[in-house]
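Structure record follows, encoded as structure tokens.
In this chain, numbering begins with 1 at the start of the sequence shown. We count ligands from 1, going down the list as the structure has it; atoms in each ligand are counted the same way.
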Amino acid sequence: MAHWLFKEEHEILRKSIRSFVQKEITPHVEEWEEKGEFPADLFRRLGQLGFFGLKYAEQYGGSGEDYVADAVFVEEMARCGSGGVQAGIGAHAHLATPPIYKFGNEEQKQRFLVPAIRGEKIGALGITEPNAGSDVASLVTTAVSDGDHYVVNGSKMFITNGVRADFVVLAVKTNPRAGHKGLSFLVAEKGTPGFTVGKKLDKLGWRPSDTGELIFENCRVPKENLLGEENRGFYYIMQNFQWERLILALGAVSAAELALEEALRYARQRVQFGKPIGKFQVIRHKLADMATAIETGRCLTYHALSKFVRGEDAVTEVSMAKIVACEAHNRVADEALQIHGGYGYMMEFPVQRYWRDARIGTIGGGTTEVMKEIIAKRIIKD
Ligand SMILES: Cc1cc2nc3c(=O)[nH]c(=O)nc-3n(C[C@H](O)[C@H](O)[C@H](O)COP(=O)(O)OP(=O)(O)OC[C@H]3O[C@@H](n4cnc5c(N)ncnc54)[C@H](O)[C@@H]3O)c2cc1C
């Protein structure tokens, strides 16, 4: 039975996204994984179908501010079987565009958000640097005021869509002496002199997503590209993290479910000692543990989502959901591979990819350790 958060219209939307994913994404996953990229046209298709506008107002081409609908989009996209495709689409839809919608002015929304909702411009979010990951406030990319421009110098690391993005929502230091109070958000556009892509990074999982290193050398970004107020960037980043972490938790639950389905299928068909391995109690209990871990992750994630959509402070619950769902995803994918035995280690079985793709969940968007720090600070109140 569907959870109470989801109304009839959400279930109709779920059906239509699931059908799109089954027809237009899943059949190509193996090829895209092999190539290490998926076609940019997928952004345009998803834009045409309205899936990038679910949480945005109609005046920008959206269909209403419905975060539950967006959660459905995340859950169903995660069922495509490729974390990399999900990551590229997700970085655009859930990381890069929300700060423009929330903190951008009307002109910026027309210039960046509207074409992004249509899938005509691809976005990325650039926060992490070679020496600043969990400690966001320590980033050192500077933006120095010079007339009606900022001169940006520095580099960004691990940026999803970094190579092919048309614009990057960039975290910069506008006041390097003010610590976290000196951060701002600028939109840097592809083609701006001084903005180059260092290289496309090679990685364990999420293979079809492009993960780039970005370099800024005396790059002049017009001041009209500043999002919101100067030096308020840290608060904007922390707000933006809540949806990013929720979508990582939602995606983890869905992808773990896919790994469980694969393990169940294999346990029914693989025969050893004269019977399907799914008849052995050890395997049955593994499957039961996997299903229980998924349900635990789902319940906590939906609880955090319900607080988030009601506009309540959900930081503690979102952090908990990210830990539980992403750790569960890792365990479930690992057990699914174990249940496949030697075949699980072979590239022709999708379970190896589920295992590789799962690993990033407890790292990206704030590590499990950092989530625990956030929870501890909030409950200990020190
Ligand atoms: C595939 C991929 C895609 C990504 N996409 C993006 C993107 O689109 N945009 C973007 O801005 N970033 C992106 N990232 C970066 C990601 O968010 C960071 O990797 C993550 O925040 C961790 O930072 P770090 O890698 O620098 O690790 P570090 O911060 O150096 O952490 C190393 C270890 O130390 C631990 N640690 C750090 N601080 C503490 C502490 N206070 N207490 C206890 N333990 C601690 C961590 O938990 C971790 O285990 C991506 C990363 C990857 C791998």
Side-chain angles (χ1 to χ4, degrees), residues 33 36-38 82-99 116 122-141 154-173 180 183 185-188 197-216 233-234 236-245 247-249 251-252 255 319 322-323 326-327 329-330 353 356-378 380 382:
E33 286 282 336
E37 67 176 44
F38 65 91
S82 166
V85 174
Q86 160 86 339
I89 297 301
H92 169 79
H94 313 298
L95 273 59
T97 55
I122 301 173
L125 178 69
I127 296 176
T128 308
E129 298 185 355
N131 294 313
S134 303
D135 185 7
V136 171
S138 71
L139 64 86
V140 292
T141 295
S155 62
K156 294 287 166 184
M157 183 56 99
F158 306 142
I159 307 307
T160 306
N161 293 343
V163 178
R164 64 177 167 190
D166 297 295
F167 65 88
V168 183
V169 175
L170 203 62
V172 291
K173 274 261 162 85
H180 74 281
L183 286 176
F185 257 157
L186 289 183
V187 186
V197 177
K199 62 176 170 191
K200 182 175 168 180
L201 302 162
D202 197 11
K203 51 196 189 298
L204 174 73
W206 278 13
R207 303 226 18 119
S209 69
D210 92 55
T211 308
E213 186 184 355
L214 311 180
I215 297 163
F216 297 87
F234 188 77
Y236 299 159
I237 292 168
M238 292 304 137
Q239 273 192 48
N240 210 41
F241 265 147
Q242 298 316 307
W243 188 241
E244 176 175 355
R245 289 169 185 164
I247 66 123
L248 283 163
S319 309
K322 184 172 185 293
I323 296 175
C326 294
E327 297 285 348
H329 185 196
N330 265 334
R353 183 171 68 250
R356 287 185 290 108
D357 284 349
R359 195 60 192 83
I360 180 68
T362 58
I363 299 170
T367 64
T368 287
E369 293 78 7
V370 167
M371 294 304 99
K372 287 185 186 175
E373 269 303 295
I374 293 171
I375 298 164
K377 260 189 209 144
R378 294 189 132 231
I380 300 167
D382 56 356

Could you tell me whether the side chain of [X] and the main chain of [Y] form a donor-acceptor pair under 3.5 Å?
X	Y	answer
Lys173	Ser138	no
Arg245	Gly365	yes
Asn161	Gly123	yes
Lys372	Thr367	no
Lys156	Ile127	yes
His92	Ala116	yes

Of all the non-hydrogen atoms in the protein, which one sits nearest to [atom], and at what distance?
atom	answer
atom 18 (C) of ligand 1	Thr128 OG1, 4.1 Å
atom 1 (C) of ligand 1	Trp206 CE3, 3.8 Å
atom 27 (O) of ligand 1	Ser134 OG, 4.3 Å
atom 26 (O) of ligand 1	Gly133 CA, 3.2 Å
atom 50 (C) of ligand 1	Phe158 O, 3.3 Å
atom 3 (C) of ligand 1	Thr160 OG1, 3.3 Å
atom 45 (C) of ligand 1	Glu369 CB, 4.3 Å
atom 2 (C) of ligand 1	Ile360 CD1, 3.9 Å

Inset, instruction - Report the C-alpha distance between Glu213 and Ser155 in whole Å, list the side-chain angles of each, state the deciding distance to 0.1 Å, and finish with yes or no for side-chain hydrogen bond (donor to acceptor under 3.5 Å, both in side chains). - result: CA-CA 7 Å; Glu213 186 184 355; Ser155 62; 5.4 Å; no
Evaluate [X] for polar contact with ligand 1, using N/O atom pairs at a separation under 3.5 Å.
X	answer
Thr367	yes
Leu125	yes
Gly364	no

Inset, instruction - Would you mind running through ligand 1 and noting each atom that sits below 4.0 Å from a heavy atom of Ile159? - result: 7 (C), 8 (O), 9 (N), 10 (C), 11 (O)
Legend entry - Enumerated ligand 1 atoms positioned under 4.0 Å from heavy atoms of Gly365: 17 (O)
Inset, instruction - Please report the closest heavy-atom contact between Gly83 and Trp206, naming both atoms and the distance. - result: C-CD1, 3.4 Å
Can you confirm whether something in the protein, heavy atoms only, sits under 4.0 Å from [atom]?
atom	value
atom 7 (C) of ligand 1	yes
atom 13 (C) of ligand 1	yes
atom 30 (O) of ligand 1	no
atom 35 (C) of ligand 1	no

As an exercise, state the distance from [atom1] of [X] to [atom2] of [Y], rounded to the nearest 0.5 Å.
X	Y	atom1	atom2	answer
Thr211	Lys203	OG1	NZ	3.0 Å
Ser319	Arg378	OG	CZ	7.5 Å
Ile89	His94	CD1	NE2	9.0 Å

Inset, instruction - Please confirm whether Ala91 comes under 4.0 Å of ligand 1, counting heavy atoms of the residue only. - result: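 Flag not set, Ala91 not near ligand 1.
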